[in-house]
Amino acid sequence: MIAAAVMCLALNVFHEARGEPLAGQIAVAQVTINRAKEQDGVCSAVFEDKQFSWVDARTRVKRVDGKVVSIQLKRRALPNDERAWASAVSVAAGALAGVYPDYVRGAKFYHEKSVRPDWLKHFKKVAVIGNHVFYKGQKS
């Protein structure tokens, strides 16, 4: 059995970074954990509205008083690559245990290199790892 925090984080790593090198998967996990520190845990950070594109289209989340109480994954949200899923679970468990160096230097945001989000001007770039660019700072 997988603990809820590991499961939620692993799902995010799987969907957001499964094609990335190990450091890129860890970096995505670390951003998610950094966001979770300001919310009600990892699952709340992962399933926050409009934060990760895979969540909106592939899940149904029930909240009570803002807290995630149940998550229903649609079929296409289920991990479909056993090897990538095992890696995502391992990365999630290690990141939650704090065994990796801080690749993202406190970053809470990232995007793929191929896109240019309009929010870039409000953040400081702190790392480029694999296909992602990582940022920290406050939104204006």
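Any value given below was found using the heavy atoms of this structure, including those in side chains, with hydrogens, waters and symmetry copies removed. Numbers for residues simply follow the sequence, beginning at 1.
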Looking only at heavy atoms, which two atoms of [X] and [Y] are closest? And how far apart?
{"X": "A27", "Y": "V104", "answer": "CB-CG1, 3.5 Å"}
{"X": "A107", "Y": "N34", "answer": "O-ND2, 2.7 Å"}
{"X": "G24", "Y": "A17", "answer": "O-CB, 4.2 Å"}

Measure from the side-chain N and O atoms of [X] to the backbone N and O of [Y], and report whether any donor-acceptor pair falls under 3.5 Å.
{"X": "S90", "Y": "A86", "value": "no"}
{"X": "N12", "Y": "E16", "value": "no"}
{"X": "R60", "Y": "Q72", "value": "no"}
{"X": "K125", "Y": "K136", "value": "no"}
{"X": "Q39", "Y": "A45", "value": "yes"}

Report the distance from atom [atom1] of [X] to atom [atom2] of [Y], rounding to the nearest 0.5 Å.
{"X": "M7", "Y": "I71", "atom1": "CE", "atom2": "CD1", "value": "9.0 Å"}
{"X": "L9", "Y": "I33", "atom1": "CG", "atom2": "CD1", "value": "5.0 Å"}
{"X": "Y100", "Y": "L22", "atom1": "OH", "atom2": "CG", "value": "6.0 Å"}
{"X": "D118", "Y": "H122", "atom1": "CG", "atom2": "NE2", "value": "7.5 Å"}
{"X": "S53", "Y": "H15", "atom1": "OG", "atom2": "NE2", "value": "10.0 Å"}

Worksheet item: What's the verdict on side chain to side chain contact (heavy atoms under 4.5 Å, CB included) for V126 and Y110, showing C-alpha distance, side-chain angles and the deciding distance?
Response: CA-CA 10 Å; V126 295; Y110 64 89; over 6 Å; no

Within the structure provided, determine whether [X] and [Y] are in side-chain contact (heavy-atom separation under 4.5 Å).
{"X": "W85", "Y": "L11", "value": "yes"}
{"X": "V28", "Y": "E20", "value": "no"}
{"X": "F109", "Y": "W119", "value": "yes"}
{"X": "K113", "Y": "V128", "value": "yes"}
{"X": "Q30", "Y": "D102", "value": "yes"}
{"X": "T32", "Y": "F52", "value": "yes"}
{"X": "F14", "Y": "N80", "value": "yes"}

Discussion item. Surrounding NZ of K50 (heavy atoms of other residues, nucleotides or ligands, distance under 6.0 Å), is the total greater than 12?
Written reply: no

Worksheet item: What residue pairs, at least two apart or across chains, pass disulfide (SG to SG under 2.5 Å) with a residue in residues 6-60?
Response: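 Non-adjacent pairs meeting disulfide (SG to SG under 2.5 Å): C8-C43.
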
Discussion item. Counting the benzene-type ring for Trp, do H111 and Y135 have ring centres under 6.0 Å apart?
Written reply: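 They qualify: ring centres under 6.0 Å apart.
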
Item to complete: Just do the side chain to side chain contact (heavy atoms under 4.5 Å, CB included) check on H132 and E112 with the steps written out, would you?
Response: CA-CA 4 Å; H132 290 104; E112 287 187 351; 3.7 Å; yes

Worksheet item: Mind checking whether V99 and V31 sit in one hydrophobic cluster, side chains of I, L, V, M, F, W, Y counted as touching below 4.5 Å?
Response: yes

Worksheet item: What do the steps show when you test F47 against T59 for side chain to side chain contact (heavy atoms under 4.5 Å, CB included), and what is the final call?
Response: CA-CA 9 Å; F47 294 101; T59 61; 3.7 Å; yes

